[in-house]
Amino acid sequence: MKRQFTKSKRLYKAAQDLMPGGVNSPVRSFNAVGGTPAFIQKAKGAYTYDVDGNKYIDYMSSWGPLILGHSDPDVVSAIKKAAERGTSYGAPCENEVTIAKLIVKYFPGIDMIRMTSSGTEATMSGVRLARAYTGRDYIVKFEGCYHGHADYLLVQAGSGATTFGTPSSPGVPKSFTDKTLLAKYNDISSVEKLFKKYGDKIAAVILEPVAANMGVVLPQKDFLKNLRKITKQNGALLIFDEVITGFRLGMGGAQKYFGVTPDITCLGKIVGGGLPVGAFGGSKKIMNMVAPVGPMYQAGTLSGNPLAMAAGLQTLTKLNKSANYKKLKTLTDNLVEGLEDIIKKLEINASINSLESMFTLFFTSPAPHDYKTALLCDTKKYSKFFENLLGTGIMFPPSQFEAVFLSLSHTEKDIDKTLNALYKSLKDL
Ligand SMILES: *Cc1c(COP(=O)(O)O)cnc(C)c1O
């Protein structure tokens with residue numbers, strides 16, 4: 001039976017008149033893959049249901065946050081209870097202390113934390129903090145790493161072969177990004193070159209310790225260790241943007257996983273349990289720069305919001321059993337191994353990068369190790385694949401350059417169903 005999208009189409013048409021692209025965040029519009037985005041009516045566990053009554057096995061997990069699955073009963077109940085006690089106080093509450101304690105306990109690089117309302121705010125504030133602490137202006141970021149939409153971080157492709165950042169969006173003055181230096185992911189010599197030239201002017205190196213916004217790209221052996229070394233040698237700070245990897249790779253994020261401790265850590269997504277939350281943290285010495293103790297200003301009307309803290313705390317508490325991460329990894333490995341077999345069998349030019357409960361199927365091979373090799377993907381093929389897969393009721397991310405996220409709600413039965421659908425969708429390309 002062919003799926004109907006009558007109501008989604010009607011809503012999409014109305015939405016396009018009211019919002020740019022009909023959406024409140026660009027990738028949702030399916031621009032990268034074509035077609036009409038399914039308007040979701042409800043979601044439970046591993047499944048989403050659209051307004052036309054179609055059901056999907058969901059592998060977006062809201063772009064990462066929903067590691068327990070959709071509308072987890074304990075998380076929903078915690079939010080309800082919190083809401084009945086008031087939606088916002090503009091004053092501190094107990095759950096802020098409880099969740100801070102939990103984060104500090106598990107993240108080696110965090111002794112103190114400040115909550116924000118988004119990942120963008122977390123990285124923006126993390127960079128400001130590094131600049132304030134070092135008294136330096138330059139930052140180094142990597143091609144293909146995404147850190148939210150703050151002006152000076154919206155720099156990706158050094159197409160002009162220049163090391164100075166070129167804004168990848170109009171509306172960002174050139175002068176806002178000329179303190180952003182670009183390096184190549186997994187290429188320590190590109191970082192060494194920048195330090196040679198700007199060494200005592202670089203405040204920080206910021207990166208996703210496992211890149212997940214050019215598709216999943218893993219750090220090669222010693223890449224993170226070498227970044228730790230070179231920043232230390234030059235008096236610069238190392239910032240891990242763990243908005244995705246935090247609580248995804250384990251309770252201590254990528255820093256625990258790889259045994260490399262950054263100076264500043266940025267969190268988001270899972271830490272909010274599906275509500276709008278971000279956070280940045282570091283050692284006491286660094287965090288004491290932040291107002292009101294220190295001179296670096298940072299604030300938020302809804303920061304540490306009681307509903308968001310309740311959702312985050314319940315999510316982290318429930319997640320915090322080592323068996324859970326093992327279960328997530330086993331599920332993901334089964335899916336990835338099955339998919340690898342299919343690729344081989346159908347002789348498709350594709351590859352997979354995967355770590356713990358996230359992965360990307362790239363329509364290129366060998367698997368990408370940086371932005372340039374990620375861009376070799378056949379995005380048209382991905383679009384067709386995405387459409388085929390959606391037609392069977394499986395929701396992968398609507399872009400080649402995003403990650404598939406599994407949740408604790410996915411079952412082996414879902415994985416089997418998904419592998420059948422993947423086979424069909426890839427065979428029909
Ligand atoms: C999603 C994301 C952000 C931005 O978080 P928002 O909550 O969307 O502002 C920052 N860094 C990384 C690595 C992300 O994946």
Side-chain angles (χ1 to χ4, degrees), residues 61-68 75 95-130 145-150 153 204 206-213 224 237-258 260-284 286-287 290 298-300 302-305 307-320 325 355-358 403 405:
S61 304
S62 186
W63 306 95
L66 300 179
I67 195 162
L68 301 179
V75 175
N95 274 349
E96 292 175 85
V97 182
T98 316
I99 198 169
K101 234 185 226 165
L102 202 149
I103 296 168
V104 165
K105 177 171 172 198
Y106 286 100
F107 277 75
I110 304 180
D111 296 331
M112 276 182 142
I113 189 130
R114 168 70 54 90
M115 290 288 172
T116 65
S117 297
S118 71
T120 295
E121 285 177 77
T123 56
M124 195 177 80
S125 307
V127 168
R128 184 182 303 147
L129 177 56
C145 278
Y146 178 68
H147 303 294
H149 60 90
L153 290 168
I206 182 169
L207 83 158
E208 300 176 66
V210 177
N213 285 289
L224 299 176
L237 301 188
L238 181 61
I239 306 177
F240 275 6
D241 177 352
E242 298 225 40
V243 169
I244 283 183
T245 52
F247 302 106
R248 173 60 63 181
L249 302 184
M251 288 303 286
Q255 50 197 266
K256 188 90 182 283
Y257 194 90
F258 293 104
V260 176
T261 306
D263 300 294
I264 295 173
T265 302
C266 304
L267 296 172
K269 299 198 166 114
I270 293 175
V271 79
L275 267 68
V277 179
F280 64 101
S283 66
K284 286 199 171 142
I286 294 174
M287 289 304 284
V290 180
Q298 192 280 338
L302 295 176
S303 296
N305 171 268
L307 264 59
M309 293 303 99
L313 184 59
Q314 188 55 238
T315 297
L316 301 187
T317 306
K318 233 183 137 168
L319 183 60
N320 189 13
Y325 283 103
L355 189 65
E356 296 294 315
S357 56
M358 61 184 191
F405 294 109

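Treat the numbers as computed from the prediction; the structure is a model and nothing was measured.
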ask   = Would you find a donor on one side and an acceptor on the other, under 3.5 Å apart, between the side chain of Gln314 and the backbone of Ala310?
value = no
message = Using only atom types and a distance under 3.5 Å, with no angle test, would you say the side chain of Glu242 pairs donor to acceptor with the backbone of Ala254?
response = yes
query = Is the backbone N or O of Gly64 less than 3.5 Å from a side-chain atom of Arg248, with the two atoms forming a donor-acceptor pair by type?
reply = yes
task = Check the pair Leu207, Leu238 against side chain to side chain contact (heavy atoms under 4.5 Å, CB included), reporting the backbone distance first and the verdict last.
result = CA-CA 8 Å; Leu207 83 158; Leu238 181 61; 4.0 Å; yes
note = With sequence neighbours left out, the residues meeting salt bridge (Lys or Arg N to Asp or Glu O under 4.0 Å) with Lys318 are Asp72, Asp74
request  = Check whether any side-chain heavy atom of Ile239 lies under 4.5 Å from a side-chain heavy atom of Thr123, and answer yes or no.
outcome  = no
task = Taking the side chain as every heavy atom from C-beta outward, state whether Glu356 and Tyr257 have any atom pair closer than 4.5 Å.
result = yes
Side chain proximity check, Phe405 to Leu66, heavy atoms < 4.5 angstrom = no
ask   = Should Met358 and Val210 count as side-chain neighbours, where that means a heavy-atom distance under 4.5 Å?
value = yes
Taking distance alone, no hydrogens or angles, what donor-acceptor pairs closer than 3.5 Å link side-chain atoms of residues 95-107 to residues at least two apart or in another chain?
{"unit_1": "Glu96", "atom_1": "OE2", "unit_2": "Cys93", "atom_2": "N", "d": "2.7"}
{"unit_1": "Thr98", "atom_1": "OG1", "unit_2": "Glu94", "atom_2": "O", "d": "3.1"}
{"unit_1": "Tyr106", "atom_1": "OH", "unit_2": "Asn320", "atom_2": "ND2", "d": "2.8"}

Backbone N/O of Phe240 and side chain of Thr265: donor-acceptor pair under 3.5 Å = no
message = Among residues at least two apart in sequence or on other chains, which ones pass side-chain hydrogen bond (donor to acceptor under 3.5 Å, both in side chains) with Thr315?
response = none
request  = Please tell me if the side chains of Val277 and Met115 come closer than 4.5 Å, counting only heavy atoms from C-beta onward.
outcome  = yes
message = Pairing donors with acceptors under 3.5 angstrom, does anything connect the side chains of Arg114 and Gln298?
response = yes
